[in-house]
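As structure tokens, the structure follows; a few thoughts come after it.
Ligands are counted one by one from 1 in listed order, and the atoms in each one are counted from 1 as well.
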Amino acid sequence: MTAPPRLSRYLQLNLNVNGKNFELNVEPRMSLLDVLRINLGYTGAKKGCDMGSCGACTVLVDGKTRLSCLTLAASVTNSKIETVEGIENDPKGKILQESFIKHDALQCGFCTPGQVISALFLLNTRKSPTKNEIKRFMAGNVCRCGAYPKIIQAIEDASKVI
Ligand code: FES
Ligand code: FES
């Protein structure tokens, strides 16, 4: 009797991250966050809650914010993924990063990559948002250090030159 064909536990995926194409084999259950951090070494997106509550893992998928801890890597094979490491080449991203530094908008920095990615999406989609609009939009990004006033100020100032 011939043995049944062995099923592979792994999926072959092609991911485009920060403009680079990657071919990799991953378990189907792996989140985009884990694949970015473990398989590809992009550790900018952080694992905070791992359950969609803190925003630390926020990345852009086809230009829109996405919680990478709740996204299966296998579901974004044909998408363009951007992490905080990739936005240095984006003029708006660079302005935002500089504004965060100028306003000292962080303490431990754990939430900062997610904050910057969410702010970039906001400024890509809304010209000159008010302080209240910024606060409302950024509500999904938790900062346990309480750096909110400076984060809001950094985004507001960046919006004036973007
Ligand atoms: S780690 Fe994804 S939302 Fe907290
Ligand atoms: S700067 Fe520490 S969690 Fe935001």
Side-chain angles (χ1 to χ4, degrees), residues 11 13 15-18 20 22 24 26-88 90 92-126 129-159 162:
L11 276 180
L13 295 186
L15 288 185
N16 182 289
V17 183
N18 298 330
K20 292 186 194 153
F22 297 93
L24 57 166
V26 301
E27 289 184 53
R29 66 184 174 90
M30 280 189 83
S31 68
L32 175 59
L33 177 62
D34 282 344
V35 169
L36 287 171
R37 293 179 57 84
I38 299 167
N39 297 66
L40 299 179
Y42 286 113
T43 54
K46 297 289 184 282
K47 188 181 274 195
C49 62
D50 205 22
M51 55 188 286
S53 302
C54 73
C57 65
T58 309
V59 298
L60 295 177
V61 175
D62 293 331
K64 294 187 182 151
T65 47
R66 185 78 78 86
L67 296 174
S68 59
C69 72
L70 295 186
T71 302
L72 285 174
S75 70
V76 290
T77 49
N78 296 315
S79 302
K80 197 173 152 224
I81 298 150
E82 286 169 85
T83 70
V84 75
E85 289 94 339
I87 67 168
E88 236 181 41
D90 175 327
K92 291 183 187 175
K94 206 163 164 48
I95 290 170
L96 260 172
Q97 283 181 321
E98 282 166 4
S99 192
F100 267 67
I101 293 166
K102 181 176 152 206
H103 288 280
D104 197 20
L106 58 136
Q107 285 186 37
C108 74
F110 190 83
C111 70
T112 311
Q115 303 276 3
V116 171
I117 289 281
S118 290
L120 179 61
F121 176 72
L122 172 64
L123 300 187
N124 276 339
T125 51
R126 180 90 174 86
T130 64
K131 207 179 262 292
N132 276 341
E133 285 172 333
I134 296 171
K135 281 185 191 168
R136 264 204 309 276
F137 184 81
M138 297 299 294
N141 286 81
V142 175
C143 175
R144 290 167 180 83
C145 299
Y148 296 112
K150 291 179 175 182
I151 292 170
I152 304 301
Q153 191 60 59
I155 299 169
E156 195 179 20
D157 266 22
S159 74
I162 283 180

For this session: Please indicate whether Arg29 has more than 12 foreign heavy atoms, meaning atoms of other residues, nucleotides or ligands, lying under 6.0 Å from its CZ.
Result: no

Exercise. What's the spacing between Leu33 CG and Tyr42 OH if we round to 0.5 Å?
Worked result: 14.5 Å

Exercise. What closest approach, in Å, do Phe100 and Thr112 show between heavy atoms, and which atom pair accounts for it?
Worked result: CD2-CG2, 3.9 Å

Problem set entry | Ser53, portion touching ligand 1 at heavy-atom distance under 4.0 Å | backbone

For this session: Determine whether Thr125 and Lys64 make a side-chain contact, defined as any pair of heavy atoms from C-beta on separated by less than 4.5 Å.
Result: no

Exercise. For ligand 2, which atoms have a heavy atom of Gly109 less than 4.0 angstrom away?
Worked result: 1 (S), 2 (Fe)

Exercise. So, do Thr58 and Leu67 sit near enough that their side-chain heavy atoms are less than 4.5 Å apart?
Worked result: yes

Exercise. Relative to the heavy atoms of Gly55, which atoms of ligand 1 are at a distance of less than 4.0 Å?
Worked result: 3 (S), 4 (Fe)

Exercise. Of all the atoms in Cys69, is at least one N, O or S atom closer to atom 2 (Fe) of ligand 1 than 2.8 Å?
Worked result: yes

Problem set entry | Options Ala147, Cys145, Ala105, ranked by nearest heavy atom to atom 2 (Fe) of ligand 2, top entry | Cys145

Exercise. With a 4.0 Å heavy-atom cut-off (strictly under), which part of Cys108 contacts ligand 2: side chain, backbone, both or neither?
Worked result: both

Exercise. Rounded to the nearest 0.5 Å, how far apart are CG of Asn18 and CD of Glu82?
Worked result: 6.5 Å

Seminar exercise, completed: A student checking ligand 1 against Gly48 at a 4.0 Å heavy-atom cut-off should list atoms 1 (S)

For this session: Give a yes or no on whether Glu133 atom CD has more than 12 heavy-atom contacts from other residues, nucleotides or ligands under 6.0 Å away.
Result: yes

Exercise. Any idea which atoms of ligand 1 are less than 4.0 Å away from a heavy-atom of Gly52?
Worked result: 3 (S)

Exercise. How many degrees, to 10°, between Cys143 SG and Cys111 SG as seen from atom 4 (Fe) of ligand 2?
Worked result: 100°

For this session: Pull out every atom of ligand 1 sitting under 4.0 Å from any heavy atom of Cys54, numbered as shown with elements.
Result: 1 (S), 3 (S), 4 (Fe)

Exercise. In this structure, which one of Ile81, Leu72, Val26 forms a side-chain contact (heavy atoms from CB on, under 4.5 Å) with Val35?
Worked result: Val26

Seminar exercise, completed: Atoms of ligand 1 under 4.0 Å from any heavy atom of Asp50, numbered from 1 in the order shown, are 1 (S), 4 (Fe)

Exercise. Would you say Cys57 has an N, O or S atom lying under 2.8 Å from atom 2 (Fe) of ligand 1?
Worked result: yes

Exercise. Rounded to the nearest 0.5 Å, how far does CG of Leu15 lie from CG of Leu40?
Worked result: 6.5 Å

Seminar exercise, completed: the protein heavy atom lying closest to atom 3 (S) of ligand 2 turns out to be Arg144 N, 3.3 Å

Exercise. Should you measure from each heavy atom of Gln107, which atoms of ligand 2 turn up under 4.0 Å away?
Worked result: 1 (S)

Exercise. Would one find more than 12 heavy atoms of other residues, nucleotides or ligands at under 6.0 Å from atom NZ of Lys102?
Worked result: no

For this session: Mark up the atoms of ligand 1 that fall under 4.0 Å of a heavy atom belonging to Cys49, in ascending order.
Result: 1 (S), 3 (S), 4 (Fe)

